[in-house]
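For reference, the structure discussed in these notes is given below.
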Amino acid sequence: MHDDDSIDNVSRKPVIIMDYNSTKGGVDTVDQLLIFHCNNPDDKTLRRHFLEKLSFSLQESHLKVRAYMDVIPRSIRQKVF
């Protein structure tokens with residue numbers, strides 16, 4: 001599969017690196033969940049809930065700025081505060 005030294009035209013990175021980066025998401029998610037459970041051994045949070053919390057924490061500061069815009073749905077604005 002990766003027996004040549006081809007380069008991606010857009011990123012100018014080797015294709016093997018681009019393939020690796022496009023498929024490593026599952027490993028990253030498992031690592032994050034493992035770290036979470038190591039720090040919170042009594043927490044029985046489901047993976048889905050963990051990902052929702054992680055996603056919101058990464059977006060929170062940006063959402064607080066946007067929460068004052070009328071075009072943002074009310075349900076989202078209420079979750080921010």
With Q59 via side-chain hydrogen bond (donor to acceptor under 3.5 Å, both in side chains) - residues at least two apart: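 S55.
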Those residues that, when tested against R48, pass salt bridge (Lys or Arg N to Asp or Glu O under 4.0 Å) (two or more places apart):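 Only E52 meet the salt bridge (Lys or Arg N to Asp or Glu O under 4.0 Å) criterion with R48.
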For [X], which residues count as a side chain to side chain contact (heavy atoms under 4.5 Å, CB included) partner, sequence neighbours excluded?
{"X": "N40", "value": "F36, D43"}
{"X": "P41", "value": "none"}
{"X": "H37", "value": "L33"}

Selection residues 5-18 - residue pairs positive for salt bridge (charged side-chain N to carboxylate O under 4.0 Å, His left out), sequence neighbours left out: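 Salt bridge (charged side-chain N to carboxylate O under 4.0 Å, His left out) check on residues 5-18 returns no pairs.
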Which atom of I7 lies closest to which atom of V15, heavy atoms considered: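 Taking I7 first and V15 second, the nearest heavy atoms are C-CG2, 3.9 Å.
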